[in-house]
Amino acid sequence: MTELLKISLPDGSVREMEPGSTPGDVAAAIGPGLAKAAIAARVDGELRDINRPFEGDAELALVTSRDEEDALELARHDFAHVLAEAVQSLYPGTQITFGPATDDGFYYDVKAPADREPFSMDDLPDIEEEMRRIIKADKPLRREVWSRQQLIDKWEAEGEVFKAEWAKELPENEELTVYWSGEDWLDMCRGPHLASTGKLDPQAFKLTRVAGAYWRGDQNNPQLTRIYGTGWLNKKQLNAHLTRLEEAAKRDHRKLGREMDLFHLQEEAHGSVFWHPKGYRIWRELEAYMRRKMDKAGYREIKTPQLMDVRQWEQSGHWGKYAENMFAVPDMVPEVEELGDGPANPSVAPDADWMAIKPMNCPAHVLVFKQGITSYRDLPIRLGEMGCCHRNEPHGALHGLMRVRQFTQDDAHIFCTEEQVVEEVKAFIELADQVYRDFGFTYDVKLALRPEKRFGSDEDWDKAEQELRDAVAVSDMQGEGDGKLEELPGEGAFYAPKLEWHLTDAIGRTWQVGTIQGDRVLPDRLDASYVGEDGEKHRPVMLHRAIFGSYERFIGILIEHFAGRLPVWLAPVQAVVATIVSDADDYAKEAVARLEAAGIRVESDLRNEKINYKVREHSHAKVPHLLVVGNREAEEGTVAIRTLGEKEQRVMSLAEAIAMLKAEATPPDLREG
RNA sequence: GCUGCUGUAGCUCAGUGGUAGAGCGCACCCUUGGUAAGGGUGAGGCCGGGAGUUCAAUCCUCCCCAGCAGCACCA
């Protein structure tokens, strides 16, 4: 008699099962309810098909739709397969490639048959319908182990050149699997999958868009059509997600920037921002805030040149590694052909010297550090700059305020000794924590580790990475997310590992903003040194750091985070005094004068319009407080305050209103207590 | 940079092989009205830029530019 398998369950109990039995059998043995609810299994921690037989004794945890993360992952993966099957069923000759799950759904990269245009949005409804048909048919998804040669033969026979290429590169010794959908379609896949297509909710997905994507993510390869979908466990979840997308569109900083008259962009300066008075007001408030923070933290602010001779950039290494993203200008007045009003035709002498506009501030800061002789007693030296940089970004990457060609960083470089690194990083982590909390963000910190292409010895990298880990361990952070330090292998800069701050905004999106990087390369290349206690020259470590990242991007994030309803201290216009009748004009003017005297950014609205109209307009403009005055208020010396987002008005004396606004308009770092 | 789509009034968008329309906004007039659109009149456009086809191009074709979505990139 064969030996029974010992299957241990999460509650500690052990069940004996026949060899060849599956997690599904265990579920059935426990009860019919569970048998119905179980959609997959974790066997010794690995997510597996519910119907895949055990290979020996095992620890089993059954997965139901309550294990949302696993369930979503499975469902999305299945949706991707159903999508591929649907496309091939509708359009024979379509090649399929890859189709993974994403954060909110799934996609599949396909190549349309040669005699057909690439797929477009217009094809999506048909594909969706076919997917629903496949789901309704409840086709079993069956795992089968194939040899590599079997796979290659199949794909080659079917003209699936991408799949065949991939199969050829699969490792010889690994168990290769395919999944059948019913008896008529299969895809190469590691799995796991749900037991059948019918486990999916046909109302819980939606194909959202098509886009170009390169085969294996390399732009030298053929371009495929990527069909995106969003997929969920049920219709309710799908609808909630679609609502969230609508909410994100409403908050789009490009739309709000125009509506609130904050800034504009135009093609003559694409990728650079025209800040309007109201938008620049936000900038100035942020800048003043950051200056106070940095002054207090022992930074000294400097200002360095926009243009430097390219030889300087050669020495720093940027001209070699970064030239394609840099703007260069000839160090001469270009000859311009006289063509009247016609197009100018400037030419540059072949022997002209070239200068480059700075794409970053670090080399200039090293040059400041190098002036004179620095003693170890002077360290650390923290040099800060609101540094305006230009980078010639790929045009397709430009995006509103989030990705621009001209931007200003809240940049600083800390020059310190090896021994001071952890302490300086710790101080920075705590400074960043205060700042992000002042804006109401939570965040995650991630550690980007050495990339493949890098400068410096492995020893230095070991040290630099460990310093950052140590600093995180000893730092006091309150505004953080789950508190775990996620490490990102290969994501560091070529000269340094970096800590990255990823903010989470009001609707759950994340944005990378702050960073600190421990650099031993640039001080060496630019020969920066200090005199140590021993009288010898030593290399300082250079910490690159920023908290906002760039003003442009940070303002974009703030606009979206607050949906335009900025906190009063940042609001370009903090209050509007609006009259109901012109008899109240004089009182309104007096109120404005007193508010201005108290430092409030206030405007008056004495126009011959109804109060309804004024309320509507200033609400759209996202003015935090509307102070309404009519005859009653003028007589009593009061104002009727309508606060953005509230339905009820509050009547209070003008003096009380001023005190309240003044308190709200105080930046968070200047508040008492 | 790549693929696809788009470019018409300040904004949002209709439209046509015979040089153009709406709503909002703006200006002026009437209205002085108590918390999200009072009424009327009017001004405003090289239909993204260049070339081609045509008797005729905002519309068709090609090239360029910019924007959008995705990809790639992101020190």
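The chains referred to below are lettered A, B, ... by the order of the sequence lines, with proteins before strands, and numbering in each begins at 1. Predicted model only: the values in this text are computed from it and were never measured.
Between A:H413 and A:H544, the ring-plane angle classifies as perpendicular under the 30° and 60° cut-offs.
Following rounding to the nearest Å, A:H365 (NE2) and B:rA75 (P) show an atom-to-atom distance of 19 Å. As rounded to whole Å, 8 Å separates atom C1' of B:rC74 from atom NZ of A:K498. Rounded to whole angstrom, the span from the NZ atom of A:K614 across to the C1' atom of B:rU35 amounts to 12 Å.
Within 4.0 Å (heavy atoms only), A:Y228 reaches sugar-phosphate atoms of the nucleic acid but no base atom. A:D583 comes within 4.0 angstrom of nothing in the nucleic acid, heavy atoms only. Residue A:A640 is classed as a base contact, given a heavy-atom separation below 4.0 Å to a base. Backbone-only contact: A:H399 has heavy atoms under 4.0 Å from sugar-phosphate atoms and none from a base. If you check every strand for non-hydrogen atoms under 4.0 Å, A:H318 touches a base. Counting non-hydrogen atoms under 4.0 angstrom, A:R403 reaches a base of the nucleic acid. A:H270 comes within 4.0 angstrom of sugar-phosphate atoms only, judged by non-hydrogen atoms across all strands, and of no base. Using a 4.0 Å heavy-atom distance criterion, A:I611 is classed as a sugar-phosphate-only contact. Within 4.0 Å (heavy atoms only), A:Q512 reaches no atom of the nucleic acid at all.
Out of B:rA75, B:rG38, B:rG1, the shortest distance to the side chain of A:Y495 is found at B:rA75. For A:K321, the listed nucleotide lying nearest its side chain is B:rA75; candidates were B:rC26, B:rA75, B:rU35. The side chain of A:R642 sits closest to B:rA36 out of B:rC71, B:rA75, B:rA36. The listed nucleotides are B:rA37, B:rA75, B:rU35; the one nearest the side chain of A:Y322 is B:rA75. Closest to the side chain of A:K610, out of B:rG1, B:rC71, B:rG38, is B:rG38. In the set B:rA66, B:rA36, B:rG34, B:rA66 carries the atom at the smallest distance from any side-chain atom of A:H395.
Salt-bridge check for A:D261 with A:K278: failed, with every basic side-chain N at 4.0 Å or more from each acidic carboxylate O.
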Enumerate all atom pairs, one protein N or O and one N or O from nucleotides 6-14 of chain B, separated by less than 3.5 Å.
residue	atom	partner	partner atom	Å
B:rC11	O3'	A:R258	NE	3.4
B:rU12	OP1	A:R258	NH2	3.1

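Base pairing in RNA chain B gives the following stems of 3 or more Watson-Crick or G-U pairs, range against range and under 3.5 Å: B:1-7 with B:65-71, B:10-13 with B:21-24, B:26-30 with B:38-42, B:48-52 with B:60-64.
Interface remark: the A:R254 side chain does not form any donor-acceptor pair with the B:rC68 base, using a distance-only criterion of under 3.5 Å.
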